Amino acid sequence: MFEKFVKEVSNSISKALEEIGSEIDVKSSEELFMFLSLEESKYCDLASSISFKLAKKLKKNPMEIASEISENMEISSNLISSYEVKNGYLNFFVSEDYLQEVLKRIEKENEYYGYIGRKGKVILEHTSANPNGPLHIGHARNSVIGDSLRRILNTAGYEVETHYYVNDMGRQMAIVTWGMRKYGVKEIKGDHAIGEIYVRANSEIEGNEEAEREVNEILKKYEEGDPQISSELRKAVEIALRGIKETLEKMKVHHDVFIWESEFVRNGEVERILEELKNRCEVFEEDGALLLRLDDEKVVLRRSDGTSLYITRDIAYHKYKCTHSDLCIDILGADHKLISSQLSKILKILGVKTPKVVTFEFVSLPESSMSTRKGVFISVDEVMERMIERAYEEVSSRRSDAPEEFRRDVAKKVGIGAMRYDLIRVMRDKPMVFSWEEALDFEKQGAPYIQYSHARASSILRKAELKKIDEVDLSLLKEPQEVQLIKLLGKLPWIVHQICETFNPHILAGYSRDVADLFNEFYRDLPVLKAEEPLSSARLHLVLCTKIVLRNSLNMLGIDAPEEM
RNA sequence: GGGCCCGUGGCCUAGUCAGGAUAGGGCGGCGGCCUUCUAAGCCGCAGGUCGGGGGUUCGAAUCCCCCCGGGUCCGCCA
């Protein structure tokens, strides 16, 4: 609803500007938003500092300009109640109609509230960790950003297809295959079993020329399609992948397609792309390898032994993704920035649309960065297990009367939710340091806090009978706690919009916490069930709307919203 | 050496893209609130050179330049 309000305010200011004779030509509402210098403000519901902007141009006092605009402004929208000029700002206020519209819309749209009419197909690739060990907490950041974006974009209206790109052709899988022959596979969760082999094989291979040669041989034979090697290597990938999938499922992370890298070699696409590149740009040989010149850097496209490289196969994969979608998104660690910019340059040469690359900084340990190869990492499995355990202790102490099954269920929802929330709440560009103390602290404002607010709202609704919204006098909701809460509830679609523009899902984490905050204040100060009619009924609808917004927000973050906890 | 990112009270963090009205939160600390809808909650107090220095501007956490600290990339690895 807030988007509508923004639009109405924009229109009013634009018209006033036209009256004054200021020339503007802005098409989209986003441009208008920027041009009119609209900002959310604590002094009003929407402020414009346009007069400051124009002051320079018109060589006039901002105050004068503001009053001039204000005098020429006409409000035709029922969503705007009033406006004022203050300190040079144009301050707009939302109307009572607006507040009621918010509540009605939320109930009407219910689980779809947050939809903003986006259209088109999105292919979103995320996680894509090499199947050479278990997912660690750094991979989890990728998964959580990717999966939250999938849910948010989907709510916005996009058709989203998520991909996990399985790197079965890399050197690391050859190393695993080599190690698997030597040590066999332990009877533990597949990804952990493969991880152990990988670490052990790596340390043994290092500096061992004989072993290095054997690994290269495995790689070459796999690419050639040698049946024996292929079946061994594929088996290793499958074992690891089975474990990874189990972990992802527990995290509530969903992938629609798992696509194997080798596919693009087998179907001849890699070869076709090399041919096309030869025709389109400067490709040359050096010591038997095939290279491409990009600006002042050189990119190797094929090894001297004839095998392909990651980037070459990635070109083929991206050609597929970008031609089969309206928007192609990659969620990648910040270390991939260079290679993805090279990839985009090559795609441009091929005349293919380029992907939107969404990067995130690493999660490290207090003492070092993580390394699958060295076996230095904290697995997501371990984090989930300990967080669920912690949550279980918590429910058990708070709800000692509740049945075991209930406590287990809540512990799982809270534990996983807390982990996801902690990974999503921080802006992607910021490096994070993982600490157990921090992870296991459920006292801070995190997922459990928001889930708890949802449970409180649910609890009230369980105890009351709800009248139809049209039969309730919503104008009774006048207390500041109520009004503020309603205003915030009205902003969910706006939040979704912002995330679609920036791919910054942490905005939603902050928003849902703010909703919980205001709801808790409302909850403390104003009785619902014990209020008199018809006020009680009106408040009940506010509780329902809050519940819907909290639930939808949590859903978009992949966090369960328990009815009771 | 070059590129990219980050640097906000003891700790974590929002705000930075699109410069504006007293820099928002949280954790930890201190002090309060359970005979009222779930206290995983609420209220109050203490705590800030927005890494440093220049510059642009009526106005800078936000834009530009330099420097410092941390991360990361610059392979016939992925």
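The structure presented is a predicted model; accordingly, all values stated were derived computationally and were not measured. Here is the naming used below: chain letters follow the sequence lines, and residue numbers restart at 1 for every chain.
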A:Trp494 ring center near A:Phe33 ring center (under 6.0 Å): yes
Counting only side-chain heavy atoms from C-beta out, which of B:rU72, B:rC42, B:rG7 sits nearest to A:Asp335? B:rU72
Mind checking if A:Leu526 touches a base, just sugar-phosphate, or nothing, with heavy atoms under 4.0 Å? base
Using OP1 and OP2 only, check whether a side-chain N or O of A:His506 sits under 4.0 Å from B:rG15. yes
Expected label for B:rC43 (glycosidic angle, syn inside 90° of 0, else anti) would be anti
Separation of the C1' atoms in B:rG48 and B:rG54, to the nearest angstrom: 23 Å
Give me the distance, rounded to whole Å, that separates B:rA60 from B:rU13 when you measure between the P atoms they each carry. 27 Å
Name the closest nucleotide to the A:Ile460 side chain, picking from B:rC42, B:rG26, B:rC37. B:rC37
How close or far is atom P of B:rA40 from atom CD of A:Glu393, stated in whole angstroms? 16 Å
For A:Gly510, report the nucleic acid contact type (base, sugar-phosphate, nothing); a contact means any heavy atom under 4.0 Å. nothing
Need one value for A:Asn91: base, sugar-phosphate or nothing, where a base atom within 4.0 Å counts as base even if backbone is also close, heavy atoms only. base
Strictly below 4.0 Å: does A:Arg171 bring a side-chain N or O up to OP1 or OP2 of B:rC76? no
Aromatic A:Tyr523 / basic A:Arg456 pairing, under 6.0 angstrom, 45° off normal: yes
Tell me whether A:Ser10 contacts the main-chain N or O of A:Val6 through its side chain, where contact means a donor paired with an acceptor under 3.5 Å. yes
Quick check: A:Tyr317 with A:Tyr165 (ring centres under 6.0 Å apart)? yes
Closest to the side chain of A:Val395, out of B:rA40, B:rC37, B:rA78, is B:rA40
Scanning all shown strands, the Watson-Crick or wobble mate of B:rG10 with both distances under 3.5 Å is B:rC27
Have a look at A:Glu394 and say if it touches a base, only the backbone sugar-phosphate, or nothing, with a 4.0 Å heavy-atom cut-off. base
Please work out if A:Tyr449 contacts a base, only the sugar-phosphate, or nothing of the nucleic acid, heavy-atom cut-off 4.0 Å. sugar-phosphate
So for A:Ser41 and B:rA21, does any side-chain atom that can act as donor or acceptor lie under 3.5 Å from a complementary atom in the base? yes
Of the listed B:rG71, B:rA21, B:rC77, the closest approach to the A:Cys44 side chain comes from B:rA21
Determine the contact category for A:Glu286: base if any of its heavy atoms lies under 4.0 Å from a base atom, sugar-phosphate if only primed atoms, P, OP1 or OP2 are that close, otherwise nothing. base
Of the nucleotides B:rG71, B:rG41, B:rU16, which one has an atom closest to the side chain of A:Met427? B:rU16
Who does B:rC77 pair with, Watson-Crick or G-U, both distances under 3.5 Å? none
Starting at CG of A:Asp514 and ending at P of B:rG26, how long is that distance when rounded to a whole Å? 10 Å
Within less than 4.0 Å of OP1 or OP2 of B:rA78, is there a side-chain N or O belonging to A:Arg303? yes
Base, sugar-phosphate, or nothing: which does A:Val410 touch, judged by heavy atoms less than 4.0 Å apart? base
Backbone N/O of A:Thr307 and side chain of A:Asp305: donor-acceptor pair under 3.5 Å: yes
The answer to which of A:Arg313 and A:Ser49 contacts RNA chain B further toward the 5' end, by nearest nucleotide, is A:Ser49
Would you please classify the geometry between the A:His136 ring and the A:His139 ring as parallel, tilted or perpendicular, with 30° and 60° separating the classes? parallel
Quick one: does NZ or CZ of A:Arg390 land under 6.0 Å from the six-membered ring centre of A:Phe442, within 45 degrees of the ring axis? yes
A:Tyr523 side chain N/O closer than 4.0 Å to the phosphate oxygens (OP1, OP2) of B:rU36? no
Looking for any heavy atom pair under 4.0 Å, which part of the strands does A:Val300 touch: base, sugar-phosphate only, or nothing? sugar-phosphate
With heavy atoms under 4.0 Å as the rule, sort A:Ser369 into base, sugar-phosphate or nothing. sugar-phosphate
Just call it for A:Leu291: base, sugar-phosphate, or nothing, with non-hydrogen atoms closer than 4.0 Å on any strand. nothing
Sugar-phosphate, base or nothing in reach of A:Asp525, heavy atoms under 4.0 Å: nothing
Sugar-phosphate only, base, or nothing, as touched by A:Glu297 at under 4.0 Å among non-hydrogen atoms: nothing
Sugar-phosphate only, base, or nothing, as touched by A:Arg425 at under 4.0 Å among non-hydrogen atoms: sugar-phosphate
For a quick check of understanding: with a heavy-atom distance under 4.0 Å over all strands, which category does A:Glu563 fall into, base, sugar-phosphate or nothing? base
Nearest of B:rC43, B:rG25, B:rC76 to any side-chain atom of A:Asp287? B:rC76
Of A:Val528 and A:Glu39, whose nearest nucleotide on RNA chain B comes first from the 5' end? A:Glu39
If you check every side-chain atom of A:Ser459, which of B:rC37, B:rC77, B:rC5 has the closest atom? B:rC37
Nucleotide nearest A:Leu338 (side chain, heavy atoms from C-beta), chosen from B:rC37, B:rA78, B:rC73: B:rC73
Salt bridge A:Arg303-A:Asp287, side-chain N to carboxylate O under 4.0 Å: no
Can you find a side chain N or O atom of A:Asn520 that sits less than 4.0 Å from OP1 or OP2 on B:rC42? yes
Side-chain contact check for A:Val426: nearest option of B:rC37, B:rA14, B:rC5 is B:rA14
In whole Å, what is the span from the NZ atom of A:Lys413 to the P atom of B:rA40? 18 Å
Of B:rA21, B:rA40, B:rA39, the nucleotide closest to the side chain of A:Arg456 is B:rA39
Rounded to the Å, how far apart are A:Lys430 NZ and B:rG69 P? 20 Å
